[in-house]
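Report on one structure; see the data block that follows.
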Amino acid sequence: MTMDTTTKNPEAASVPPPGPAPAKKRVTQGHRRLLTRRDRITLAVMAGVPTILHVALVWVTALASIALAFTTWDGIGFDSIKWVGLENFKQLFSDNPQFWPAVEHNVIWFVVLILVPTPLGLFLAVQLDKRIRFSRVYQTAFFLPVVISMACIGFVWQLVYNPDTGLINSLIGANKPGHYIDWIGDPKLNLWAVLVAASWRHTGYMMILYLAGLKSVDPSLREASALDGANEWQTFKSVIFPTLRPTNTVVLVVTIIEALRAFDLVFVFNKGAQGTELLSILVTNNIIGESSRIGYGSAIAVVLLVISLAVIIPYLVATFRKERRS
């Protein structure tokens with residue numbers, strides 16, 4: 001009887017049994033189908049234009065500078081480029097009386113930045129990490145020099161160091177005839193005067209870096225140290241400071257880079273003359289100066305690049321190793 005009913009009513013056999021309807025399979029679409037042609041063009045422009053600019057303005061110019069370091073060129077026409085090999089480097093290391101003083105000044109710049117504003121920035125960060133009143137105001141005040149242009153900082157400190165109406169000479173009474181102190185023109189003082197301005201700016205930079213590192217310290221470490229009876233200095237020395245090792249590495253690399261690329265302040269003060277010679281100043285004076293010794297200036301730039309890579313590459317290697325281990 002059942003067979004007859006099924007045969008006579010074929011539509012009844014196709015009716016699904018009662019219950020929830022089976023879910024339809026969703027057809028997955030590829031990434032190309034999810035993006036329209038306009039989206040692909042937009043992404044290509046957004047990724048391609050910065051890449052092209054980066055390659056053209058950074059990599060091409062760097063490689064061109066390395067190639068020009070082995071040539072002589074006055075910058076007028078490509079036909080005047082002549083290959084001289086290592087002659088520029090020989091002349092740089094043996095016959096340039098400004099090169100080794102510039103290297104010494106860059107080293108002094110680094111030593112001063114690592115010994116004066118870096119500990120001061122750490123001290124300010126520790127104090128501001130205590131959540132004192134108006135901490136946001138203090139952070140803004142100390143970090144403001146970092147936001148200001150280096151050229152503007154140079155003009156401000158020029159007013160401070162002015163022999164006649166400057167703040168320092170007015171306070172110490174050295175703005176009278178016969179008692180002038182020329183902070184910028186004296187070769188024995190001008191480098192240290194520029195370093196004071198650079199340290200004033202660098203302190204705020206270090207404060208922000210260390211403050212970010214202190215915010216990442218586990219509060220339980222402080223509590224455990226307090227339970228063990230350690231005072232504030234012992235807690236910082238034995239517990240807090242060791243956890244700031246990654247921040248210290250970043251601070252060291254940033255300070256070295258700041259010391260190597262120092263240019264703006266010195267150029268605004270006295271264009272790198274009379275005791276303030278730096279490698280960056282020598283590069284500028286030889287490439288865009290009156291002599292237009294582009295090949296010789298490129299050789300100095302290559303030396304500066306090698307020194308920078310000697311610092312940056314070990315830092316990158318250590319960072320990548322740490323990421324792989326984690």
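Residue-environment remark: CZ (F93) exceeds the threshold of 12 foreign heavy atoms within 6.0 Å.
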Listed pairs under 3.5 Å, donor-acceptor, residues 145-159 side chains, sequence neighbours left out:
| residue | atom | partner | partner atom | Å |
| --- | --- | --- | --- | --- |
| S149 | OG | A151 | N | 3.3 |
| Q158 | NE2 | V268 | O | 3.0 |
| Q158 | NE2 | F269 | O | 3.4 |

If you look only at distance, which donor and acceptor atoms sit under 3.5 Å apart when one is on a side chain in residues 160-173 and the other is two or more places apart or in another chain?
| residue | atom | partner | partner atom | Å |
| --- | --- | --- | --- | --- |
| Y161 | OH | A193 | O | 2.9 |
| N162 | OD1 | D164 | N | 2.9 |
| N162 | OD1 | T165 | N | 3.0 |
| D164 | OD1 | Y180 | OH | 2.7 |
| N169 | OD1 | W183 | NE1 | 2.8 |
| N169 | ND2 | P163 | O | 3.1 |
| N169 | ND2 | I181 | O | 3.1 |
| S170 | OG | G166 | O | 2.7 |

What donor-acceptor contacts under 3.5 angstrom involve side-chain atoms of residues 297-308, with partners at least two apart or in another chain?
| residue | atom | partner | partner atom | Å |
| --- | --- | --- | --- | --- |
| S298 | OG | I294 | O | 2.7 |
| S308 | OG | L304 | O | 2.9 |

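Between the D186 side chain and the D182 main chain, no donor and acceptor come within less than 3.5 Å of each other. Remark: side-chain polar atoms of S280 are paired, donor with acceptor, to backbone N or O of A262 under 3.5 angstrom. Side chain of S135 to backbone of L128: no donor-acceptor contact under 3.5 angstrom is found. Side chain of S216 to backbone of G213: a donor-acceptor contact under 3.5 angstrom is found. Within the 3.5 Å criterion, the main-chain N or O of R222 finds no donor-acceptor partner in the side chain of S225. Between the H105 side chain and the L278 main chain, no donor and acceptor come within less than 3.5 Å of each other. The closest donor-acceptor contact from the side chain of T276 to the backbone of A273 lies under 3.5 Å. Distance alone, capped at 3.5 Å, is enough to place a donor-acceptor pair between the Q234 side chain and the N231 backbone.
Between F70 and F89, the ring centre distance stays below 6.0 Å.
The closest side-chain heavy-atom distance from Y296 to I287 is not below 4.5 Å. Counting heavy atoms from C-beta on, the side chains of D129 and K215 come closer than 4.5 Å. V55 has its side chain out of reach of I52: every pair of non-hydrogen atoms, C-beta onward, lies at least 4.5 Å apart. Side-chain contact between W83 and T72 is absent, with no heavy atoms from C-beta onward closer than 4.5 Å.
Judged by a 6.0 Å distance limit and a 45° cone about the ring axis, K271 is positioned over the six-membered ring of F267.
For the pair E258 and R201, the salt-bridge criterion is met [side-chain N within less than 4.0 Å of a carboxylate O].
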